[in-house]
Number of protein chains: 2
Amino acid sequence: MTTMKEIAERTGVSISTVSLVLNKRDAGRVKPQVAAKVRETATQLGYRPNPLARSLRTSKTSILGFVSDEIATTPYAGRLILGAQDAARALGYMILTVNTNGEADLEEHEISTLKQYGVDGFIYARMFNQRTTVPESLLSLPTVLLDGTDDTGRVPSIIPDEEAIGYEATRHLLDAGCRNIAYVGASDRAYAADSGRRAGYRRALREAGLETDAGLEVGTTFNQPALDVVGDLFDARHPDGFFCFNDARAWYVYESAARRGLTVGRDISVVGVDNHRIFAETLAPRLTTMDLPHYEMGYWATLKLVSLIERRTPRIDLPHTTSPLPSLDDHDARIRCTLIRKESVV
Amino acid sequence: MTTMKEIAERTGVSISTVSLVLNKRDAGRVKPQVAAKVRETATQLGYRPNPLARSLRTSKTSILGFVSDEIATTPYAGRLILGAQDAARALGYMILTVNTNGEADLEEHEISTLKQYGVDGFIYARMFNQRTTVPESLLSLPTVLLDGTDDTGRVPSIIPDEEAIGYEATRHLLDAGCRNIAYVGASDRAYAADSGRRAGYRRALREAGLETDAGLEVGTTFNQPALDVVGDLFDARHPDGFFCFNDARAWYVYESAARRGLTVGRDISVVGVDNHRIFAETLAPRLTTMDLPHYEMGYWATLKLVSLIERRTPRIDLPHTTSPLPSLDDHDARIRCTLIRKESVV
DNA sequence: TTGTATGCGTTATCAT
DNA sequence: ATGATAACGCATACAA
């Protein structure tokens, strides 16, 4: 690791001068020839500043703390983190990831450890959109809530536009010709996204001139009880289209259909929000799935956080994305889910 | 953030004394009463050392670099990271995670950034056990390969004991009474685990006095081609038991069985290695799955790395685990997969 | 037994 | 236009 001192010695100037040049603070303060020489030897020696020493002086580490409760249990957590890290790299930041295993005291401990390491701000991430109380201990630093809905509205948050998701999914089924469309949701109230998606589903039906009907809306848990609920829905209402809260629910529809001799993609249409990605390998192309824009959400959370930290809006270029981008100035940025794979709805 | 300086002032001693006491270097060097007073005010003020300042002095950051290629694409990556982080926390380390998106030059850039931040060592992680060449640039620091097999054998690695997995899975089927057991593997040669599991499968058959038979071993890709291969296997050999490389493969068996009027758990037995965890929510309890010990692997990788860094074997206490633990002294630690959920084999 | 001095790599103030 | 110098928080050899 080459230091400013070495550059100073090789160039025959003082460390101060090197610092000035390398921090681009030489506007009419250092002779251009000297500056050029400094820069030259710097690149020649492969100089990279020591962020730790710098932060000792500036109390600014360019490190972001990423606090999440259950990194391990959901597969798409990775995309959240990936997006956050890509944005961080683009903006010159690193991310220190920490998980709390859902334990409050461990969470406090990890947060204070992160503060010790001098993080410049926090991303507080949930793994699905749920009502969340941001820990008091975070509020002393810039904080962004990711994939969660803040109870108190004190911190900005990045969440999927659940209503739009429900609307788009249902429109997709309507466009495919379905007229008797069911909603298979989550009965567990922890899934805050359920009500938004259901609302979007209803709006799409109303706009199409169809009646909403509570009998076509069910909520399930898992396994046999879920199969029972969906089976009853099949037998009582004979829907021709299903909007499923996630792919676990879609599977129950698929299974119930099979047991009745119906084929998804021919006799009935199914759109599911994909959480697990297993269907990309198995059921496709018989099922229409919508990807939640986790990558984009992670990316935008970092962008938002950095704009808070630096009190300026960073230049934006989000790679590989199809989602419409929210405004960084919104307190709560809702990201729409637009990616629909495997067009196979009848 | 309270500093040593503040403690020194409050206690009426010098910073050096405070440093000595707080680093437990006061063995007959500082008067016990003074030491006690220092410790008292330290806890009273809630002193936590500044790791960045310390590392500037010691060039030892207590930060580990975690380099992985595709954090996002596999769901169990999270468990690898979780295990690594839990171990890191227990040992007083933090983990700086970085992902390379499979791009070699990005990888080099991230590694050098990690070095800038002064990481004490690297965990180079793959997301499934595959042949891997560890980048040259890592070798200047202690490095452990996680869930990958090193080509050159230069760095220690933590991998699943694939042969044991294949053996245990097959034994499980044998114990359930199966006598005509098929292996549904992965045809893509990138899956290095395939050959080990197949070998374990064969050993279990031989030990049970059964013939191995290439006609009972297939390899699949995905979707319709996979369904075709498994369907042919059903029709040609009528197996009564299936050991499946992963749960995607298990699904093809499940689907093929259903199409032939056979029920898993009654007419045939299936053991699959669980990668995606979706089956816990859907197919269970009809399918027997084996969990890969990703959490433990992450944990052990960190433990191994820290023992390399500190040149001593850290105290060990792995929480919440059922896997037999490998010796830290082994160059390549193989971790057995022992967790079998949902006992439902006929 | 305790304190002083120095340096880690950087930034920033103030002379020159 | 450039260079000493101090300071950030901590660790340590050396002095007292």
Side-chain angles (χ1 to χ4, degrees), chain A residues 1-39 41-42 45-63 92 112-113 115-120 310, chain B residues 1-39 41-42 45-63 92 112-113 115-120 310:
Chain A
M1 297 292 106
T2 113
T3 70
M4 284 188 172
K5 193 177 173 184
E6 292 177 39
I7 296 175
E9 286 165 356
R10 294 270 280 245
T11 323
V13 295
S14 77
I15 299 181
S16 323
T17 306
V18 174
S19 177
L20 279 181
V21 172
L22 262 29
N23 287 321
K24 290 169 187 158
R25 299 208 163 291
D26 61 321
R29 324 213 317 96
V30 176
K31 217 184 307 188
Q33 315 154 16
V34 179
K37 196 170 181 187
V38 166
R39 262 185 274 270
T41 51
L45 265 55
Y47 172 78
R48 313 267 312 249
N50 180 332
L52 280 60
R54 167 179 289 169
S55 79
L56 192 57
R57 201 48 245 265
T58 61
S59 59
K60 204 262 184 190
T61 54
S62 295
I63 297 179
S112 91
T113 304
K115 281 185 180 172
Q116 261 182 75
Y117 275 84
V119 296
D120 294 334
E310 303 186 350
Chain B
M1 299 292 107
T2 112
T3 70
M4 283 189 172
K5 191 176 174 185
E6 291 177 40
I7 296 175
E9 286 165 356
R10 294 270 279 247
T11 323
V13 296
S14 79
I15 299 181
S16 327
T17 307
V18 175
S19 176
L20 281 180
V21 172
L22 264 28
N23 288 321
K24 290 170 184 155
R25 300 210 165 289
D26 61 323
R29 314 193 357 85
V30 177
K31 219 184 305 189
Q33 314 155 17
V34 179
K37 195 170 180 187
V38 167
R39 263 185 275 270
T41 51
L45 267 54
Y47 172 77
R48 313 261 320 246
N50 180 331
L52 279 61
R54 167 179 286 169
S55 77
L56 194 56
R57 198 48 241 265
T58 62
S59 59
K60 205 261 183 191
T61 53
S62 296
I63 298 179
S112 91
T113 304
K115 281 184 179 172
Q116 260 183 79
Y117 274 84
V119 296
D120 295 334
E310 302 185 350

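Protein chains get the first letters and strands the later ones, always in sequence-line order, with residue 1 at the start of each.
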Query raised in the report: Going by heavy atoms closer than 4.0 Å, what residues in residues 53-62 of chain B are next to DNA chain C?
Result: B:Leu56, B:Arg57
Report task. Flag the pair B:Tyr117 / A:Ser62 as yes when at least one side-chain heavy-atom distance between them is below 4.5 Å, and no otherwise. Result -> yes
Query raised in the report: Starting at CE of A:Met4 and ending at C1' of C:dC8, how long is that distance when rounded to a whole Å?
Result: 14 Å
**Report entry** Side chain A:Thr11, main chain A:Ile7, donor-acceptor under 3.5 Å
**Finding:** yes
Query raised in the report: Can you find a heavy atom in the side chain of A:Thr113 that is under 4.5 Å from one in the side chain of B:Arg48?
Result: yes
Query raised in the report: Is there a donor-acceptor pair closer than 3.5 Å between any side-chain N or O of B:Thr58 and the backbone N or O of B:Arg54?
Result: yes
Requested in this report: For A:Thr3 and A:Lys5, indicate whether the former's side chain and the latter's backbone hold a donor-acceptor pair under 3.5 Å.
Outcome: yes
Report task. Specify the separation, in whole Å, of atom CZ of A:Arg48 and atom C1' of C:dG9. Result -> 16 Å
Report task. Give a yes or no on whether the backbone of A:Gly118 and the side-chain of A:Thr61 come within a donor-acceptor separation of less than 3.5 Å. Result -> yes
Query raised in the report: Do A:Ser19 and A:Ser16 pass the side-chain hydrogen bond (donor to acceptor under 3.5 Å, both in side chains) test, and can you show the C-alpha distance, the side-chain angles, and the key distance before you say yes or no?
Result: CA-CA 5 Å; A:Ser19 177; A:Ser16 323; over 6 Å; no
Requested in this report: Measure the shortest side-chain to side-chain distance between A:Leu45 and A:Arg10 over non-hydrogen atoms and say whether it is less than 4.5 angstrom.
Outcome: yes
Query raised in the report: Going by heavy atoms in the side chains, are B:Arg29 and B:Leu20 under 4.5 Å from each other?
Result: yes
Query raised in the report: Tell me, do B:Arg25 and B:Val30 make a side-chain contact under 4.5 Å, heavy atoms counted?
Result: no
Query raised in the report: Nearest-Å distance, CG (A:Asn50) to P (C:dT10)?
Result: 6 Å
Query raised in the report: By a strict heavy-atom criterion of less than 4.0 Å, which residues belonging to residues 13-28 of chain A are in contact with DNA chain D?
Result: A:Val13, A:Ser14, A:Ser16, A:Thr17, A:Gly28
Query raised in the report: From the 5' end of DNA chain D to its 3' end, which nucleotides mark the outer limits of contact with chain A, defined by a 4.0 Å heavy-atom distance cut-off (strictly under)?
Result: D:dA1 to D:dG9
